[in-house]
Amino acid sequence: MTVISTNSPTAELQAIDAAHHMHPFTQADGLAKKGARVITRAEGVWLTDSEGERILDGMAGLWCVNVGYGRKELAEVAARQMQELPFYNTFFQTTHVPVIQLAAKLAEVVPGDLNHVFFASGGSDANDTNLRMVRHYWSLKGKPSKNVVISRKNAYHGSTVAGASLGGMVPMHQQGSLPIPDIHHINQPNWWLEGGEMTPHDFGLARARELEEKILELGEDRVAAFIAEPIQGAGGVIVPPDSYWPEIQRICDQYEILLICDEVICGFGRTGNWFGHETVGAKPDIITIAKGLSSGYQPIGASVVSDEIASVIGSDEFNHGYTYSGHPVAASVALENIRILQDEKIVEHVRDVAGPYLKEKWEGLTAHPLVGEAKIVGMMGSIALTPHKESRARFAADPGTVGYICREFSFGNNLIMRHVYDRMIISPPLVMTTGEIDILIERAWKTLDMTHDKLKAEGMMQAAS
Ligand SMILES: *Cc1c(COP(=O)(O)O)cnc(C)c1O
């Protein structure tokens, strides 16, 4: 048996990884040829790989490491909790202190009457909970036919059967007979790609009114809820026009449709407020949280629900739960993470310092010949790559070809920036300093220049007809 350690040669680690580890959202054969980049350490906003390269993490891990890497407080809390009470369940009329503390803290930081928390291990399973909870809610209210959930194309709500069905990702639906029945999808408010000749304002209204049309088509007595990310994340950081959310809210109110805001990315400071629905001005009945809840230091997610929903659900046994619902170690780490966010005023840092600074620099990227629009809210941003800005043209190459080229240059330049088709996205740790933002922007420019040079050299600046 080979001893595998952080001192093993990179090629050896890559070979064993390819032999035994199945990566999520990855074509294994392609990755095996190339070798996965082995990340060994991280501190602040910087990753280190097995070759000793220092990489600026423009994605906060997977949108989650909001307080940055290397937080000793979080490690210490976890170690202490593991020694005191590593696990106990909350199924059979028992509870424990960390879960009580975290539920109470969440009731305090989540606005309005969202005061009740059902825990999960991540965002996907929290959305499974939401699907079952809204259906059970309407059934207890004597309206069992209200069981349809409306979502949006190109939304991301996780990768379980319910999560992927609620999501609107075509490549996910194409595998495994998804979506499951009684989930419907309307179009997304992506003006850059789909706005045509409309102004962003009119387009935002039109896309929101698709919700009303769908409700009328299905019948008001059939629709339980509408689920949406305040700002789509994995779909490409799509910032909706200002007209969109107020109209969505009006429609949910008018037809008595529950509003679920999936805050898995937008929550815990990413948009410059504690929650994304505050930024867009929505009033949800349920929010989904995960990722930034523990800054990724422990796997934990939750549904936070209104007084009204909790009181209706509370009248019956809810036949649902996960072994790790409210796991004491994960709960204590999440609680400490929220303490850090509060004590270090990290949400204020995003709102007043890092967010405005990053916005100015990020929007400056539109001066680059490849960049059509640049969008950013708080610390989540995107740029649309285009061969022709004025017509918002797409590239002649298959969607995603150019984005992938750009992503490869970015990784080569030691900046983690992802692509969603031909949109480049960032979502850095919230603690990023202005000096680190300067480095991010400098590397993004260099990456765009290298991409542009390659596209010109290979005749790829052609627009799709
Ligand atoms: C990541 C994500 C999820 C899924 O969370 P997991 O912890 O990966 O299960 C759900 N919704 C949104 C908006 C996400 O970004």
Side-chain angles (χ1 to χ4, degrees), residues 23-26 59-66 118-134 149 151-169 171-173 178-179 183 185 188-190 225-240 245 259-271 275-277 279-280 282 284 286-304 322-327 330-331 333-334 337 377-382 418 420 423 425-428 430:
H23 288 246
F25 289 96
T26 297
M59 284 305 298
L62 203 49
W63 320 83
C64 53
V65 188
N66 288 3
F118 195 104
F119 287 101
S121 310
S124 306
D125 46 337
N127 279 325
D128 279 61
T129 298
N130 290 336
L131 179 65
R132 296 195 54 194
M133 188 141 56
V134 297
V149 176
S151 177
R152 303 182 297 183
K153 294 179 185 167
N154 199 35
Y156 190 77
H157 298 299
S159 198
T160 54
V161 169
S165 295
L166 290 168
M169 299 285 177
M172 292 176 78
H173 289 176
L178 302 179
I183 295 175
H185 299 83
Q188 60 175 337
N190 183 340
F226 174 64
I227 183 169
E229 302 150 87
I231 295 163
Q232 287 158 266
V237 185
I238 310 300
V239 181
W245 270 103
L259 174 60
I260 307 169
C261 282
D262 186 336
E263 294 272 9
V264 171
I265 287 174
C266 295
F268 300 94
R270 176 129 325 264
T271 68
F275 294 94
H277 70 265
T279 301
V280 301
I286 298 179
I287 64 170
T288 318
I289 56 176
K291 296 195 172 121
L293 166 59
S294 68
S295 285
Y297 280 66
Q298 283 284 294
I300 183 169
S303 311
V304 189
Y322 310 106
T323 299
Y324 300 135
S325 287
H327 191 287
V333 169
N337 175 62
V377 177
M379 302 285 273
M380 59 193 294
S382 59
R418 264 178 62 189
V420 179
R423 234 180 146 83
I425 59 175
I426 56 160
S427 170
L430 306 184

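Order of listing sets the numbers, starting from 1, for every ligand and every atom in it.
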Purely on distance, is any nitrogen or oxygen of Ser124 under 3.5 Å from one on ligand 1? yes
What atoms of ligand 1 come closer than 4.0 angstrom to any heavy atom of Glu229? 13 (C)
Which residues pass the side-chain hydrogen bond (donor to acceptor under 3.5 Å, both in side chains) test with Thr160, not counting sequence neighbours? Asp128
Tell me, which protein residue and heavy-atom name are nearest atom 10 (C) of ligand 1, and how many Å apart are they? His157 C, 3.5 Å
Once you measure the plane-to-plane angle for Phe226 and Trp245, does it fall in the parallel (<30°), tilted (30-60°) or perpendicular (>60°) bin? tilted
With Arg423 via salt bridge (Lys or Arg N to Asp or Glu O under 4.0 Å) - residues at least two apart: Glu373
Lys291, Arg270, His277 screened by side-chain hydrogen bond (donor to acceptor under 3.5 Å, both in side chains) with Glu263, the one that passes: His277
Short side-chain to backbone donor-acceptor contact, Ser427 and Met380, under 3.5 Å: no
For ligand 1, is there an atom lying under 4.0 Å from some heavy atom of Tyr156? yes
Could you find the nearest protein heavy atom to atom 11 (N) of ligand 1 and give me its residue, atom name and distance? Asp262 OD2, 2.7 Å
Residue Ile265 vicinity, atoms of ligand 1 by number, heavy atom under 4.0 Å: 15 (O)
Contact check, side chains of Ile425 and Trp63, non-hydrogen atoms, under 4.5 Å: yes
Just to confirm my output: which protein heavy-atom neighbour is closest to atom 2 (C) of ligand 1, and how far is it? Lys291 NZ, 2.6 Å
Check the surroundings of atom OH in Tyr324: do more than 12 heavy atoms from other residues, nucleotides or ligands lie under 6.0 Å from it? no
Run the numbers for me: atoms of ligand 1, each under 4.0 Å from some heavy atom of Gly122, listed by number. 7 (O)
Closest approach of any protein heavy atom to atom 7 (O) of ligand 1, naming residue and atom: Gly123 N, 2.9 Å
